[in-house]
Amino acid sequence: MIETFSGWLFDIYPNDANLSIWLIGDDGKRYCFNQDFTATLYAAGPAAILRGLWRWLKEQPIPVRLARAERKDVFNGIITVLAVEVLQPIKLDELFRAMAAAYPDLTYYDADISIALRHAAKYDTFPLARCQLEVRGEKIISISALDTPWDLEPEAAPLRIMSIEPDCDPARNDPKAILVSFGRASYSLPFEKPVPFLIGLRADIRRYDPDVILTSWGDTWLLPFLMKLSQENGVSLPLNRAESQTVVEKKERTYFSYGQIMYRGQQVLLRGRWHLDKHNAMMWGDYGLIGVLEMARVTRQPAQEAARLSPGTGISSMQFVTAMQKEILIPWHKGQSERPKTTMDLIRSDMGGMVYQPTVGLHRDVGGIDFVSMYPGIMVRFNISPEVPRAGTDLEPGLGEPGIIPMTLAPILNKRLALKSALLTLNKYDCRRPVYQALASAEKWLLVTCFGYLGYKNARFGRIEAHEAVTAYGREALLRAKEAAEDMDYEILHMYVDGLWVHKEGCQTPKDFEALLAEVTNRTGLPISMDGVYRWVVFLPSRVDERVPVANRYFGVFQSGEIKVRGIEARRRDTAPFISETQMDIMEILAKAEDADGLKDVLPKAQAFVRKQMSALRMMKVPVEKLLVSQKLSRELGEYSTPSPAARAVRQLEACGKVVRPGQRVRFLFTLGKPGVSAWDVLEQPDTRCIDVARYRILLQRAVDTVLDPIEQSVNGGKDCECLYLFPIRKAETLAEGGSQNLGGHNVPSNHIHYNGMQGGER
DNA sequence: TACAGTCGGGG
DNA sequence: GTGTACGACTGTA
């Protein structure tokens, strides 16, 4: 007998025979079905070796179906491959490892793609997709998704969330109890007596049966602790909803990404439930649970993974799904190797000549305008993808069908644009506003990463020519925007990669820049938007040599009163909160001025506030946590030639048995005497008398000066800016020769919002 | 003063 | 998802 179910797809993982599929039914019940599923990988190489592999596979205990097939390789076109269909998905990794070891010279494809992504590619499913299932017994006969990741307001799944956290930070203290809350219940469970504690917790998990276990430090401390306690006392805990499955523990890792060292703590993954650790989720801080769910939907990564996605994984996952659906092979090791570069490196070096030196000082009547997702927009608009042949010049679209990259990006871009325009129509207090903002931020993050991957040697779908085509058009677009602005009598104050700051006397509302935006879009074919109109903005000079402007240190206030800050102390994560908060508060006071002329009236207030903060510091009336500095450990302790303050703090931690891995942050105070720092995570009661107040005063003064010096000079000088200098600042020449083969007459059709008519979710 | 270590940026 | 840019700035010797 066949039954039909509908609901939200919750979890997919391989079991011993096939796949386990969890569904949150429309009737509120949680179902676990299974589904037959096979996973195919491909091998290419000399026919003789492939025949050897064929015979070898036939002798293996893992059942496979073998076939010859024709598939498209991104770099070599259509090739003949041996398709190896593994009938038990759980055996895929084991078989592939053995195969690659026995036949190391073959080229392998689709070998290391997770089962979840394969399922997504085959059935167009994703976490929390609305699904319809036909089921016989417990076996799924058919499954189809009823919605797509691109809907702005998906029907929310009725997730049951249980929050569990220790009563203190386990890095600093020994927790004595856990705080549990779910539904309306909220209480503390001491674990002094483990057996009653475990029995109580078990009863609650069984009773409430949460879908999501939301923890603080659950990956690094709480769940490992609970599992150990459970084992030692012989009291089982149903952390997994599928109690026969084992909890998956992933080890910590330190790795490089985007030129930075990164650390990912160990992870504890559940089956049939999700474990989400607030303190170990990369996306968590910025976007919250909504962001995690959005990441899961669009990247099609299981929610527990999506919460901890590292840069590149999300966009790579999406590319893989597109490639599988288009039957394009996914290389196991990327075929080409290029000189290593990273995203911003490429933006910087390729755009090197492009960045204007800003005109230092205070400016009024300034419009800040940005291309919207410039590089992704270019990739979609000009069909730039590793497998798509380029036309004659970089400024023409690639030839033929849309490639993997544009196909992957177009729906994200369209969704982001749709969210942005929806946001414009929502009033200030609409409850959808924060949701849409979280979604737009999540999409933005994916888009930002994608461009870097095109020029990144280890990306499977990277290709340097494609990357160069993108930057070439980026330069061209910025140049055209500059020309449009100058033709319309705006003064260019600054340009940076994909944004411009333009000034014209009396231009004080977005309307005053509308014609310019339209003209730029018209000339470039790329959507451009108003970041905002500034009441005033200050571009800062270099601290080392104040005659030199720096591209990326500025602050200002929009007409709305909103403050925009880049590059200065308040933006840095190694600035003590007391310092950044004071700097921001000063700007809040300055933002009370209606316009630049009003600054002279608020300046005394700002100065009085500074005196107040200085005296608070002198008297140590500042909460000690506000003086904490947090820095990332960049290497192993032994590798420091002159140990940084952070390294010296870590030395103290190690002395009491605590380990800090490269990529992890360490918190410390500046203290008197040697070694000048005091690690926060070893302190019981910090002694405020030891704090190096003088040092904090210097830091504070510095941050104050960054903001107030230019304002004071401008107010005292009466004029706007150039008064700082004895001679005029030379604006750097834009565009090094050769950067653009100027295709003067080349006409770009205008396309404001939609990209090549490609809509998300339509196939 | 020279050199070593850390950060932002993208949005 | 797995390899390290660049320039600005700060801290240390």
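Numbers restart at 1 for each chain; the letters A, B, ... are given by sequence-line order, proteins then strands. Heavy-atom basis, side chains included; hydrogens, waters and symmetry copies ignored. The structure presented is a predicted model; accordingly, all values stated were derived computationally and were not measured.
Using a 4.0 Å cut-off, some side-chain N or O of A:Arg702 falls inside it from OP1 or OP2 of C:dG11. Within the structure, every side-chain polar atom (N or O) of A:Arg566 is placed at least 4.0 Å from both OP1 and OP2 of B:dG8. Close to B:dT6, at under 4.0 Å from its OP1 or OP2, lies a side-chain N or O of A:Ser634. Taking only side-chain nitrogens and oxygens, A:Arg253 never comes nearer than 4.0 Å to OP1 or OP2 of C:dG3. Considering only side-chain N and O atoms, A:Arg416 lies nowhere under 4.0 angstrom from the phosphate OP1 or OP2 of B:dG11. One finds a side-chain N or O of A:Ser644 lying less than 4.0 angstrom from the OP1 or OP2 phosphate oxygen of B:dT6. Proximity of A:Tyr640 to the phosphate of B:dT6: a side-chain N or O atom is located under 4.0 Å from OP1 or OP2. Between A:Arg553 and C:dC9 there is a side-chain polar atom (N or O) within less than 4.0 angstrom of OP1 or OP2. The phosphate of B:dT6 has neither OP1 nor OP2 within less than 4.0 Å of any side-chain N or O from A:Arg573.
Below 30°, between 30° and 60°, or above 60°: for A:Phe668 and A:Phe670 the angle between ring planes is above 60°, a perpendicular geometry.
Counting only N and O atoms by type, the side chains of A:Tyr109 and A:Asp73 include a donor and acceptor under 3.5 Å apart. A:Thr706 and A:Glu569 share a donor-acceptor pair across their side chains, judged by distance under 3.5 Å alone.
With sequence neighbours excluded, no residue forms a salt bridge (Lys or Arg N to Asp or Glu O under 4.0 Å) with A:Arg566.
Each of B:dG11, B:dC7, B:dA4 was ranked by its minimum atom distance to the side chain of A:Ser641; first place goes to B:dA4. Nearest nucleotide to the side chain of A:Thr642, out of B:dG8, C:dA13, B:dG10: C:dA13. For A:Arg635, the listed nucleotide lying nearest its side chain is B:dG5; candidates were B:dG5, B:dG11, C:dG11. Among the nucleotides B:dC7, B:dG5, C:dT10, the one closest to the side chain of A:Arg543 is C:dT10. When the nucleotides B:dT6, C:dA8, B:dG10 are ranked by their closest atom to the side chain of A:Asp498, B:dG10 comes out on top. Checking B:dG10, B:dT6, C:dG11 against every side-chain atom of A:Asn552, the shortest atom distance belongs to B:dG10.
Searching all strands for a Watson-Crick or G-U wobble partner of B:dG5 with both distances below 3.5 Å returns C:dC9. Base pairing of C:dT2 is not made with any nucleotide, judged by Watson-Crick or G-U wobble geometry with both donor-acceptor distances under 3.5 Å.
For A:Phe96 and A:Tyr108, the ring centers are positioned less than 6.0 Å apart.
For the C1' atoms, the distance from B:dA4 to C:dT4 is 16 Å, rounded to whole Å. The separation of B:dT6 from C:dA5, taken at their C1' atoms, amounts to 14 Å, rounded to a whole angstrom.
Residue contacts for A:Asp370: at a heavy-atom cut-off of 4.0 Å it reaches no nucleic acid atom on any strand shown. Heavy atoms of A:Phe670 sit nowhere under 4.0 angstrom from any nucleic acid atom. When heavy atoms are screened at a 4.0 angstrom cut-off, A:Leu446 is found touching no nucleic acid atom at all.
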Open item on the list: Using ring-ring contact (aromatic ring centres under 6.0 Å, His included), reason through A:Phe382 and A:Tyr473 one step at a time and then give a plain yes or no.
Closed with: CA-CA 9 Å; A:Phe382 293 89; A:Tyr473 194 76; 4.5 Å; yes
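One can find a donor-acceptor pair under 3.5 Å joining the base of B:dG11 and the side-chain atoms of A:Arg571.
Taking atom NZ of residue A:Lys251 and atom C1' of nucleotide C:dT2, one finds them 16 Å apart after rounding to whole Å.
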